[in-house]
Amino acid sequence: MEKKSLEILIKNTNEFNITHILECGQVFRFKKHDFGYIVYASDKKMEVICQKNSTKIFCDDIEFVKNYFDMSTNYANIKKKLMVHNFMQKPIKEVYGIRILKQLPLEMLISFIISANNNIPRIKKTLEKICEKYGTNMGDYYAFPTIQQLANIPIEFFKKAGAGYRDKYLYETIKMLSNGYNLGRLYNLKTEDARKELIKFKGVGRKVADCILLFGFGKTDVFPTDTWVVKVYKELYGKNLPANKVSEHFEKLFGENGGYAQQYLYYERMIRNKKEKINDNNQKNCTTCGC
DNA sequence: GCCCAGGCACATG
DNA sequence: CATGTGCATGGG
């Protein structure tokens, strides 16, 4: 019983670049293929075909796709506002076309608890194992587990899946959820109040809460600060500041567009590090040119 | 072996 | 309020 697959065609512009959207660290359940990507979100699967001038997305629910990729927001307008600040120009030019995906709050809560002091490949692997074992079988993929399904997971499984010491944070958080905590209520709270609520969960501090607020609840006035953004601040202002102070600084500077600015700064800094590493390795391995 | 990764909980000044 | 420490685990 194959479901009918519908198609949406999106022109590649400075406001839509599928690689930058997926690789900028806001989403973990996707796989790269030679034709493009397959993206899994809540209980949906999206097949992304990359072409020269456009991107095709196949899914059985086109309205879901439009909402997921935030297609009703005017990104050109947002970028214009961000580029008032000179230091934003390079990141926006380098990693153009980022959009903030509208993801499932439950999936963000679990994903970003796992993300703390972790690396992206391992975060991906851990989430994949959880979905494969406990998510609903959708035929050729697995949905993200519901609260009821998550509540069936023994704590040992989280460690086996690679969550490490975060196993107890996941277990405690899921217990709170299955005892009736209403995550959806946070949509209607002001950012500051919603953040206080999220920090009540084990394994959720300021940074993890801000990622959930931005990627799960669409609160674009938050500016999540991780180790890379701390480096960005150091490079811009010449001094180190604790992460919460860095967040406060940029949230004041960018206001309602802080989340968009953060994605550009975070991703550009991370890409730059990756390039530097490759250069270092090339130098080490180079035995012929004497460089 | 070392250091680091989309930090947090917890203990202590 | 601020600062310091331990933490599972895999990759470079």
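Quick note on labels: first sequence line is chain A, next is B, and so on, each numbered from 1. Bear in mind the structure is a predicted one, so any value in this text is a computation, not a measurement.
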Is the phosphate of [N] approached by [X] (side-chain N or O, under 4.0 Å from OP1 or OP2)?
{"X": "T227(A)", "N": "dC4(B)", "value": "no"}
{"X": "K168(A)", "N": "dA9(B)", "value": "no"}
{"X": "K159(A)", "N": "dC7(C)", "value": "no"}
{"X": "K274(A)", "N": "dC4(B)", "value": "no"}

State the pairing partner of dG10(C); accept Watson-Crick or G-U wobble contacts with both distances under 3.5 Å, and report none otherwise.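 Paired with dC4(B).
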Complementary nucleotide for dT5(C) - Watson-Crick or wobble, under 3.5 Å: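 Across all strands, the one nucleotide that pairs with dT5(C) is dA9(B).
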Integer-rounded Å distance: [N] [atom2] and [X] [atom1]:
{"X": "D167(A)", "N": "dC8(B)", "atom1": "CG", "atom2": "C1'", "answer": "14 Å"}
{"X": "I113(A)", "N": "dA5(B)", "atom1": "CD1", "atom2": "P", "answer": "21 Å"}
{"X": "D226(A)", "N": "dC8(B)", "atom1": "CG", "atom2": "C1'", "answer": "14 Å"}
{"X": "R122(A)", "N": "dT9(C)", "atom1": "CZ", "atom2": "P", "answer": "7 Å"}
{"X": "K160(A)", "N": "dT9(C)", "atom1": "NZ", "atom2": "C1'", "answer": "16 Å"}
{"X": "K245(A)", "N": "dT3(C)", "atom1": "NZ", "atom2": "C1'", "answer": "13 Å"}
{"X": "I114(A)", "N": "dC8(B)", "atom1": "CD1", "atom2": "C1'", "answer": "15 Å"}
{"X": "Y165(A)", "N": "dA8(C)", "atom1": "OH", "atom2": "P", "answer": "8 Å"}

Do R99(A) side-chain atoms and E15(A) backbone N/O form a donor-acceptor pair below 3.5 Å? yes
How are the rings of F223(A) and F250(A) set to each other: parallel, tilted or perpendicular (split at 30° and 60°)?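 Ring orientation, 0 to 90° scale: parallel.
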Quick one: does L183(A)'s side chain get under 4.5 Å of L177(A)'s, heavy atoms only?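 L183(A) vs L177(A): side chains touch.
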Kindly indicate whether the side chain of F158(A), heavy atoms from C-beta on, has any atom under 4.5 Å from the side chain of I114(A). no
Answer yes or no on whether K79(A) is positioned over the face of Y264(A), meaning its NZ or CZ is under 6.0 Å from the six-membered ring centre and within 45° of the axis. no
To the side chain of [X], which of [options] is closest?
{"X": "Y169(A)", "options": "dA9(B), dA2(C), dA8(C)", "answer": "dA9(B)"}
{"X": "N119(A)", "options": "dG10(C), dC8(B), dC7(C)", "answer": "dG10(C)"}
{"X": "K202(A)", "options": "dA5(B), dC10(B), dA2(C)", "answer": "dC10(B)"}

Using a heavy-atom cut-off of under 4.0 Å over every strand shown, decide if Q263(A) touches base, sugar-phosphate, or nothing.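 Base, at least one base atom sits under 4.0 Å.
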Check every strand shown and say whether G162(A) touches a base, only sugar-phosphate, or nothing at a heavy-atom separation below 4.0 Å.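 Result for G162(A) = nothing.
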For the OH atom on Y96(A), are there more than 12 heavy atoms of other groups (residues, nucleotides or ligands in this structure) within a distance under 6.0 Å?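 Incorrect, the count does not exceed 12.
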What's the gap between dC8(B) and dG10(C) when it is taken at their P atoms, as a whole Å value? 22 Å
Mapping N244(A) and K125(A) to their closest nucleotides on DNA chain C, which lands nearer the 5' end?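 By nearest-heavy-atom nucleotide position, the 5'-most residue is N244(A).
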